[in-house]
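Here's a structure for you.
To find a chain, count down the sequence lines: A is the first, B the second, and so on, and within it residues start at 1.
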Amino acid sequence: GAVVSQHPSWVICKSGTSVKIECRSLDFQATTMFWYRQFPKQSLMLMATSNEGSKATYEQGVEKDKFLINHASLTLSTLTVTSAHPEDSSFYICSARRGAETQYFGPGTRLLVL
Amino acid sequence: GENVEQHPSTLSVQEGDSAVIKCTYSDSASNYFPWYKQELGKRPQLIIDIRSNVGEKKDQRIAVTLNKTAKHFSLHITETQPEDSAVYFCAAPTQGGSEKLVFGKGTKLTVNP
């Protein structure tokens, strides 16, 4: 199979705190992972591309200092939302690319910032 | 960059009927077209994909067709069942390669028993 896990599935935090989300490919190695954000009833919006051993590539309009990405191994990428505010509340989903093209998604993390 | 348009935004069918969702893309160099199914609150799941060297691909009740000349591809679901109810997303790679995917806005399919 191609299994991607994500942790935590739910997080509630106070405004101003930082939250780290982990994305793991469980049964394959992924040199490239992607981080998306999804608002209710909307499509997937790509935030950044995470490459193992190098700096992430951010999409236009995404603040790299706010959304820190680390891809330290072939099976793990992390997204840290720094100094979270209520407007950062959203559903964050990662995907891991297997082979040349196919992306498999994690179960997502629902973030609520109070 | 790539632009993906998806229609319709909502689709309601009776159980047993067929459902068709269509997407168009703008980059003629795009060569990979996946379809994802997302149930409420869950992850998008890859249900079928097609590459530009074929025109059609089937997997049981699901099929995808690709027209490279017209730059559109479609998802066909036959003999729909209530469990097919979900949001379906099409996607195409940006910049002709397969690094990043651009997603359509989604189609909410409802299959009525």
Using 0.5 Å steps for rounding, measure from the CZ atom of Phe103(B) to the CG atom of Leu46(A).
8.5 Å
Spell out, yes or no, whether Phe33(B) and Ile77(B) are grouped together once hydrophobic residues are joined by side-chain heavy atoms under 4.5 Å, including indirect joins.
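Phe33(B) and Ile77(B): one cluster.
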State yes or no: do Tyr92(A) and Phe105(A) share one hydrophobic cluster built from I, L, V, M, F, W and Y residues joined by side-chain heavy-atom distances below 4.5 Å, directly or via other members?
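Per the 4.5 Å side-chain linkage, Tyr92(A) and Phe105(A) are not co-clustered.
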What part of Ser95(A) gets closer than 4.5 Å to chain B, counting heavy atoms only: side chain, backbone, both or neither?
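Looking at Ser95(A), nothing touches chain B.
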Gap separating the OH atom of Tyr36(B) from the CD atom of Gln103(A), nearest 0.5 angstrom
5.0 Å
If we define contacts as heavy-atom pairs under 4.5 Å, which of Gln42(A), Arg110(A), Gln38(A) has the most with chain B?
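The option with the most such pairs is Gln38(A).
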NZ-CG distance between Lys41(A) and Leu40(B), expressed to the nearest 0.5 angstrom
9.0 Å
Examine Ile47(B) and Ile50(B) and state if one hydrophobic cluster contains both, with Ile, Leu, Val, Met, Phe, Trp and Tyr joined whenever side-chain heavy atoms are less than 4.5 Å apart.
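Hydrophobic grouping puts Ile47(B) with Ile50(B).
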Over all atoms of both residues, closest heavy-atom pair of Gly104(B) and Ser43(A):
O-OG, 2.6 Å
Atom CD1 in Ile93(A), atom NZ in Lys42(B): separation rounded to 0.5 Å?
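Interatomic distance, Ile93(A) CD1 to Lys42(B) NZ, rounded to 0.5 Å: 13.5 Å.
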Which atoms of Phe89(B) approach chain A - backbone, side chain, both or neither, heavy atom under 4.5 Å
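It is the side chain, since no backbone atom gets that close.
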Path from Leu11(B) to Leu75(B) over hydrophobic side-chain contacts below 4.5 Å:
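Same hydrophobic cluster.
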So do Tyr32(B) and Thr102(A) actually touch side chain to side chain, heavy atoms under 4.5 Å?
yes
As an exercise: rank Leu44(A), Thr49(A), Thr57(A), Thr32(A) by heavy-atom pairs under 4.5 Å with chain B and give me the winner.
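Most heavy-atom pairs within the cutoff with chain B belong to Leu44(A).
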Chain A contact via Pro34(B) - side chain, backbone, both or neither, heavy atoms under 4.5 Å:
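No part of Pro34(B) comes within 4.5 Å of chain A.
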Go through the atoms of Gln45(B) and report whether side chain, backbone, both or neither lie under 4.5 Å from a heavy atom of chain A.
neither
For residues Val4(A) and Arg43(B), report the shortest heavy-atom separation together with the two atoms involved.
O-NH1, 2.9 Å
From Glu101(A) atom CD to Leu101(B) atom CG, the distance as rounded to the nearest 0.5 Å:
9.0 Å
If hydrophobic clusters are built by linking Ile, Leu, Val, Met, Phe, Trp and Tyr wherever their side-chain heavy atoms come under 4.5 Å apart, do Phe28(A) and Phe34(A) end up in the same one?
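Yes, Phe28(A) connects to Phe34(A) through the hydrophobic network.
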Which region of Gln6(A), side chain (C-beta onward) or backbone (N, CA, C, O), has a non-hydrogen atom less than 4.5 Å from a non-hydrogen atom of chain B, or is it both or neither?
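Interface part for Gln6(A): neither.
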